[in-house]
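Here's the structure we're looking at; comments come further down.
Letters A, B, ... mirror the listed sequences (proteins, then strands); counts begin at 1.
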Amino acid sequence: MTHLLVNLAYLLSRYLHIVCATLLVGGTLFYEMVVPEAIAELRDEHRLAIFARARWFFRRIVWISSAVIVVTGLIETARHWPTYTHVEAAAMAAATTQPTVRESIAVRPGWWWAAHASTGLIAVLIAVSLTTGPRPPEHPVRWMRLNLGILLIVIFLATATRQVRLIAADQADSATRAVLRGGK
Amino acid sequence: MMVELGIFFRWLHVVTACIALGGVFFMVAVVPIGLRSLDGVVRDEVGLRFRRVFKIVIHTCILLFLISGIYNAIANWEAYRAGVPVTHALLGAHVGLALIVFAVALVLLAGRTPRSGARRWMALNLILMLIVVAAASSLKWARERGLAIEREAAAASVE
């Protein structure tokens with residue numbers, strides 16, 4: 001029963017992490033690309049009114065999404081921490097008395113996780129700072145564009161982290177089987 | 001090369017989902033609030049412009065979803081087979097609901113002017129999209145679980 005609840009909690013946490021990321025990325029893209037295009041021919045006061053109202057509402061979304069992303073990110077990190085910190089690989093290396101197979105930085109999930117977490121934190125901080133305060137910064141669209149680029153990199157790093165984590169799990173599994181075969 | 005391609009298509013699928021879901025949310029929740037300050041005629045005109053740009057975004061997203069989705073399904077087929085029947089149930093729900101979402105989006109955005117009740121239908125489509133994401137998220141868990149069970153079975157057979 002506890003196992004099922006823990007699994008459900010992890011599932012919910014991952015789901016919330018993805019949904020909040022979609023709101024942040026999709027909202028930023030919309031704000032940066034669709035809104036300026038749609039209101040280009042309006043008078044200045046109308047344009048500013050639309051931007052201000054949209055920003056006022058978007059602020060809540062950004063704040064809530066950012067908080068949820070950080071919390072669920074911490075949960076996911078705690079879950080996969082043994083893979084990121086090489087605990088399994090080290091144990092296998094000790095068991096087989098052979099050097100670990102993962103030598104390149106590119107196949108260390110912990111490095112990819114660190115890149116994902118740090119870049120993600122930067123993107124979240126930029127998004128929050130852009131929507132904080134009574135007035136937007138001097139070039140809001142340019143900032144949004146920069147943040148969109150960072151967010152796309154963050155998603156790439158998340159994808160790469162997962163892929164490398166699976167490869168690491170596969171390698172640990174192969175090593176286990178080699179040990180078992182050797183012991184036979 | 002297969003690993004790099006796998007990462008690329010997964011990234012493409014996730015980014016497209018972010019753009020589509022976030023865009024629909026923006027159209028349903030944020031744009032109407034932004035347009036409230038405008039007069040009737042101007043509001044309708046700006047609303048149409050939003051819809052026109054949004055249509056281009058959604059049509060591109062559907063194309064990218066189909067390309068990356070087909071590649072991901074083929075690449076992960078062995079993993080899906082390892083977790084039958086849970087993986088097939090979730091994959092079926094994910095793909096089936098996604099196709100319904102595409103159809104609703106295409107019908108809603110067809111023509112020069114929006115249909116009556118378009119906003120309500122788009123809100124419904126947003127809920128369906130959230131279910132599609134939930135199915136995808138669960139599918140990933142089921143796929144990894146299936147592979148883990150298969151690994152344990154292989155290790156047990158070696159023992």
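Between Val19(A) and Leu130(B) there is a side-chain heavy-atom pair separated by less than 4.5 Å. In this structure, Arg52(B) and Glu37(A) have side chains that are not in contact, with every pair of non-hydrogen atoms separated by 4.5 Å or more. With a 4.5 Å cut-off on side-chain heavy atoms, Val30(B) and Ile61(A) count as touching. Residues Phe25(B) and Phe30(A) are not in side-chain contact: their nearest non-hydrogen atoms beyond the backbone lie 4.5 Å or more apart. Between Ile155(A) and Trp11(B) the shortest side-chain heavy-atom distance falls below 4.5 Å. Looking at heavy atoms from C-beta onward, Val15(B) lies in side-chain contact with Leu152(A) at the 4.5 angstrom threshold.
With chain B as partner, the option from Trp56(A), Phe156(A), Phe58(A) having the largest number of non-hydrogen pairs under 4.5 angstrom is Phe156(A). The most heavy-atom pairs under 4.5 Å with chain A, out of Leu35(B), Val53(B), Leu48(B), Ile33(B), come from Ile33(B).
No part of Arg55(A) comes within reach of chain B, as not one of its non-hydrogen atoms sits under 4.5 angstrom from that chain. With a 4.5 Å cut-off on non-hydrogen atoms, Arg60(A) does not touch chain B at all. Ile167(A) touches chain B through its side chain: at least one heavy atom from C-beta onward sits under 4.5 Å away, while N, CA, C and O do not. With a threshold of 4.5 angstrom between heavy atoms, Ala29(B) approaches chain A through its backbone and through its side chain. Only the side chain of Phe57(A) comes within less than 4.5 Å of a heavy atom of chain B; its backbone N, CA, C and O stay farther away. Ile50(A) touches chain B through backbone and side chain together, each having a heavy atom under 4.5 Å away. For a residue to count as touching a neighbouring chain, one of its non-hydrogen atoms must lie under 4.5 Å from one of that chain's; by this rule Val42(B) touches chain A with the side chain only.
Enclosure of atom CE in Met129(B) by more than 12 non-hydrogen atoms of other residues, nucleotides or ligands within 6.0 angstrom is indicated. Atom CZ of Arg79(A) has more than 12 neighbouring heavy atoms from other residues, nucleotides or ligands inside a 6.0 Å radius. In this structure, Glu76(A) places its CD atom where more than 12 heavy-atom neighbours from other residues, nucleotides or ligands lie under 6.0 Å away.
Between Leu11(A) and Ser138(B), the shortest heavy-atom contact is CD2-OG, 3.8 Å. Taking every heavy atom of both residues into account, Ile7(B) and Ala160(A) meet most closely at CD1-CA, 4.1 Å.
Residues Leu166(A) and Ile18(A) fall into different hydrophobic clusters, defined by Ile, Leu, Val, Met, Phe, Trp and Tyr side chains chained together at heavy-atom separations under 4.5 Å. Under the 4.5 Å side-chain heavy-atom criterion for Ile, Leu, Val, Met, Phe, Trp and Tyr, Leu48(A) and Val35(A) are members of distinct hydrophobic clusters. In terms of hydrophobic clustering, with Ile, Leu, Val, Met, Phe, Trp and Tyr side chains grouped at heavy-atom distances under 4.5 Å, Val6(A) and Tyr15(A) are assigned to different clusters. Hydrophobic clustering (ILVMFWY, side-chain heavy atoms < 4.5 Å, transitive): Ile69(A) and Leu121(A) are in distinct clusters. Linking ILVMFWY residues whenever their side-chain heavy atoms come closer than 4.5 Å, directly or via other members, leaves Val154(A) and Val68(A) in distinct clusters.
No donor-acceptor pair under 3.5 Å is formed between the side chain of Arg53(A) and the backbone N or O of Gly34(B). Side chain of Arg14(A) to backbone of Ser137(B): a donor-acceptor contact under 3.5 angstrom is found.
Distance check: Phe50(B) CZ to Ile39(A) CD1 gives 6.0 Å after rounding to the nearest 0.5 Å. Going from atom NE2 of His13(B) over to atom OG1 of Thr159(A) covers 11.5 Å, rounded to the nearest 0.5 Å.
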